[in-house]
Engineer: 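The structure under discussion is supplied below as structure tokens; questions concerning it will follow.
Counting begins at 1 with the first residue of the sequence.
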Amino acid sequence: MTTANTSERENECPAEGLLKLLSGKWKPQIFLLAVNGPLRFNGLLRELKGASKQSVATALRELEDFGILDKKVVRLKPLHIEYHLSEKGTSLVPVFKQLEIFSKV
């Protein structure tokens, strides 16, 4: 790692990465829906008017990769996948509630 890269990282805002991650298309809406309970892919497609399968799948993958959502295969008939807020995702809920309060001021 070079000195310039180290210096750039020291000057970055700690929340910048998180804000970039959650600012992608459909991610804020998915996060909000996940706060209310488990999500299924087809249910998300119905909830997110105008969303394509590709964009929802990408958003889910990125949220899962970052550790915001956990993916669980439910082996009941019919076999399906549910997405839940992870422990990391749940820890963000109070932060977003404060942002919501702040936006109303």
Side-chain angles (χ1 to χ4, degrees):
M1 182 181 290
T2 65
T3 306
N5 287 341
T6 304
S7 177
E8 287 174 14
R9 289 185 186 206
E10 289 173 356
N11 292 331
E12 287 180 4
C13 173
E16 186 176 356
L18 176 64
L19 291 173
K20 282 182 181 177
L21 172 80
L22 290 174
S23 66
K25 188 156 188 152
W26 306 117
K27 292 180 200 171
Q29 294 92 330
I30 291 171
F31 181 84
L32 180 64
L33 290 168
V35 168
N36 297 324
L39 305 171
R40 291 173 66 174
F41 187 80
N42 285 332
L44 278 173
L45 287 177
R46 285 189 295 274
E47 290 285 330
L48 303 172
K49 305 295 184 216
S52 69
K53 289 181 180 181
Q54 174 82 25
S55 61
V56 171
T58 299
L60 286 170
R61 189 176 328 102
E62 290 175 4
L63 289 168
E64 184 185 2
D65 288 347
F66 195 71
I68 303 293
L69 293 179
D70 286 330
K71 180 178 175 178
K72 178 182 174 187
V73 177
V74 179
R75 300 190 184 282
L76 299 173
K77 295 205 185 225
L79 180 74
H80 61 276
I81 295 172
E82 291 183 344
Y83 295 89
H84 304 262
L85 277 182
S86 66
E87 187 175 323
K88 186 177 183 180
T90 302
S91 72
L92 291 172
V93 172
V95 174
F96 283 96
K97 287 187 186 269
Q98 286 299 314
L99 287 172
E100 182 180 21
I101 291 167
F102 180 77
S103 70
K104 293 179 180 179
V105 174

Engineer: Return the CG to NZ distance between L63 and K88, rounded to the nearest 0.5 Å.
Structural biologist: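 L63 atom CG to K88 atom NZ measures 11.0 Å (nearest 0.5 Å).
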Engineer: Under the side chain to side chain contact (heavy atoms under 4.5 Å, CB included) rule, what do R61 and T58 come out as? Steps first, then yes or no, please.
Structural biologist: CA-CA 5 Å; R61 189 176 328 102; T58 299; 4.1 Å; yes
Engineer: Considering all heavy atoms of both residues, which atom of I81 and which atom of R40 are nearest to each other, and what is their separation?
Structural biologist: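 Distance-wise, the nearest heavy atoms are O-CG, 3.6 Å.
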Engineer: Are any side-chain N or O atoms of K71 and backbone N or O atoms of L60, one a donor and one an acceptor, separated by less than 3.5 Å?
Structural biologist: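 Looks like no, no N/O pair under 3.5 Å.
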Engineer: Apply the test side chain to side chain contact (heavy atoms under 4.5 Å, CB included) to residues F41 and K53: give CA-CA distance (whole Å), side-chain angles for both, the deciding distance (0.1 Å), then the verdict.
Structural biologist: CA-CA 9 Å; F41 187 80; K53 289 181 180 181; 4.1 Å; yes
Engineer: What pair of heavy atoms forms the shortest contact from S91 to P94, and how long is it?
Structural biologist: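 What the structure gives for the nearest pair is O-CD, 3.4 Å.
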Engineer: Checking side chain to side chain contact (heavy atoms under 4.5 Å, CB included) for the pair L85/I68: CA distance, chi angles, key distance, verdict?
Structural biologist: CA-CA 6 Å; L85 277 182; I68 303 293; 4.3 Å; yes
Engineer: Is there a path of hydrophobic side-chain contacts, each under 4.5 Å between heavy atoms, that joins V35 and F102?
Structural biologist: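 No, because V35 and F102 fall into different hydrophobic clusters, even though each may have its own neighbours under 4.5 Å.
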Engineer: Which atom names give the shortest non-hydrogen contact between E82 and P38, and what distance separates them?
Structural biologist: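 Shortest heavy-atom contact: OE1-CB, 3.9 Å.
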Engineer: I need the full list of ring pair (Phe, Tyr, Trp, His ring centres under 6.0 Å) pairs touching residues 19-38, with sequence neighbours left out, sorted by first then second residue.
Structural biologist: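 Non-adjacent pairs meeting ring pair (Phe, Tyr, Trp, His ring centres under 6.0 Å): F31-F96.
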Engineer: What verdict does the side chain to side chain contact (heavy atoms under 4.5 Å, CB included) test give for Q98 and V95, after you've listed the backbone C-alpha separation in whole Å, the side-chain angles of each residue and the deciding distance to 0.1 Å?
Structural biologist: CA-CA 5 Å; Q98 286 299 314; V95 174; 5.9 Å; no
Engineer: Give a yes or no on whether F66 and L32 share a hydrophobic cluster (residues Ile, Leu, Val, Met, Phe, Trp, Tyr; joining criterion: side-chain heavy atoms under 4.5 Å apart).
Structural biologist: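 No, F66 does not connect to L32 through the hydrophobic network.
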Engineer: Got a sec, which residues hit salt bridge (charged side-chain N to carboxylate O under 4.0 Å, His left out) with E87, two or more places apart in sequence or on another chain?
Structural biologist: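 E87 satisfies salt bridge (charged side-chain N to carboxylate O under 4.0 Å, His left out) with no other residue.
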Engineer: Which heavy atom of I30 sits nearest a heavy atom of L39, and at what distance?
Structural biologist: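 Minimum heavy-atom contact is O-CD1, 3.7 Å.
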Engineer: What is the distance from atom NZ of K72 to atom NE2 of H80, rounded to the nearest 0.5 Å?
Structural biologist: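 K72 atom NZ to H80 atom NE2 measures 8.5 Å (nearest 0.5 Å).
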